Amino acid sequence: MTDTPAPFPAARFRRMRARPELRRLMREHTLTVDDLIWPIFVMEGENDAYDIPSMPGIQRLTIDRAVRAAEMAAGLGIPVICLFPYVDPARKTELCEEAWDENNLSNRATRAIKAAVPGIAIMTDVALDPYNINGHDGIVRDGIIVNDETVEALVRMTVAQAAAGADIIGPSDMMDGRIAAMRAGLEGAGFQNTTILSYAAKFASSFYGPFRDAVGASGALKGDKKTYQMDPGNTDEALRLVARDLAEGADMVMVKPGMPYLDVCRRVKERFAVPTYAYQVSGEYAMLQAAIGNGWLDGEKVMMESLLGFKRAGCDGILTYFAPEAAKRLNAGWR
Ligand code: PBG
């Protein structure tokens, strides 16, 4: 900052805060419904839902219910819904073949939502963990998560998701070389307009715990994900990963988790000026809901304040389990 404010009392910052109209006038960042991506969990069955204990208010939904949820989200003006499947443990294998089955749960859900709800874009997740008997995002051989063989599997998975109608492919696996391979796979299969939102800077975080309950990966996971997800102490590495993924054909990039990594969002946006998103992950949601549920925090206010923080940090949008609740408040004129 080169300009120093006038000395008191010429400068009184409280003048501009004295009325809500003036506060609105000088507000630099705002949250809108257009900023929201809603992650949902799908499961097999019909007209059924299962509460996820570690994520109060969130349920796994059967496809028919997911279609209704998508209709509701579209009605609220949410632009994107993101699908995560709860895969029957009996379908999990070492090589994760279910991941690229054109009729797997995720692809059936995509088709059903696509057919019934034209007014919402669909994002799907690319990583092997829901299908992996080991719970890892990549194929495990002799205790090692093998990179290049995993990338081949991810390309098959990507093309199957695009064929089902996914508008945004979200690789969350953190293998090296995946974006270039996936982009080539999409081009080769005729999906020139399928976008990639790369989980470019995904940290090896303990805030993913409730999500792993939701997709049924907690029990399966052996060890941790530190050989492929980033060390929480790094930010320069995040910039190198973003540069790499953009060069390989990503349309958008993500930082994950969100609230503990807003510094990374800020650095990414300033350096690259590309569409930048953050994932307010399951543990962040659980943490807020726990305090809200105890009456320790005002739910509406902390939800909106936490989401506005992402905008201030430079994000163009946020993946958040609060999306419908936040959209309702915004549509009701929340400021
Ligand atoms: C799987 C994946 C994870 C999340 C999104 N995709 C979990 C993980 O990497 O273990 C986490 C989302 C959340 O915690 O809300 N690749």
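Both ligands and their constituent atoms are indexed starting at 1 by order of listing. Note that the structure is predicted; figures quoted are calculated from it, not measured.
Remark: K202 is positioned above the aromatic ring of Y208, its terminal NZ or CZ atom under 6.0 angstrom from the ring centre and at most 45 degrees off the axis.
Scanning the protein heavy atoms around atom 8 (C) of ligand 1, the nearest turns out to be K225 NZ, 3.3 Å. The protein atom (non-hydrogen) at minimum distance from atom 5 (C) of ligand 1 is K256 NZ, 2.5 Å. The protein heavy-atom contact nearest to atom 14 (O) of ligand 1 is S282 OG, 2.7 Å. Closest to atom 12 (C) of ligand 1 among all protein heavy atoms lies F211 CD1, 3.3 Å. In terms of protein heavy-atom proximity, atom 9 (O) of ligand 1 is closest to K202 NZ, 2.6 Å.
Closest non-hydrogen pair, V33 versus P79, comes out as O-CD, 3.3 Å. Across all non-hydrogen atoms, the minimal contact from D35 to T30 is OD2-O, 3.9 Å.
Assignment of Q229 to the shell around ligand 1 is supported, since a heavy atom sits closer than 4.0 Å.
Applying the side chain to side chain donor-acceptor pair (under 3.5 Å) rule to pairs touching residues 256-266 yields R266-E270, sequence neighbours excluded. The stretch residues 224-256 participates, sequence neighbours left out, in these ring-ring contact (aromatic ring centres under 6.0 Å, His included) pairs: H136-Y228.
With contacts defined as side-chain heavy-atom distances shorter than 4.5 Å, the pair K269/C315 does not qualify.
Per-residue contacts place F84 under 4.0 angstrom from the following atoms of ligand 1 (heavy atoms of the residue considered): 5 (C), 6 (N). The distance from ligand 1 to the heavy atoms of A127 drops below 4.0 Å at these ligand atoms: 16 (N). Within ligand 1, the atoms closer than 4.0 Å to a non-hydrogen atom of R212 are 8 (C), 10 (O), numbered from 1 in the order shown.
When heavy-atom distances to ligand 1 are checked against a 4.0 Å cut-off, D129 comes that close only through its side chain, counted from C-beta outward. Contact annotation for Y285 and ligand 1: no heavy atom of the residue comes within less than 4.0 Å of the ligand.
With hydrogens and angles left out, the side-chain atoms of S282 and R212 include no donor and acceptor closer than 3.5 Å.
Close N/O approach between S172 and ligand 1 is found [any backbone or side-chain N/O within under 3.5 Å].
A donor-acceptor pair is defined here as one N or O able to donate and one able to accept, closer than 3.5 Å; no such pair exists between the side chain of D125 and the backbone of L83.
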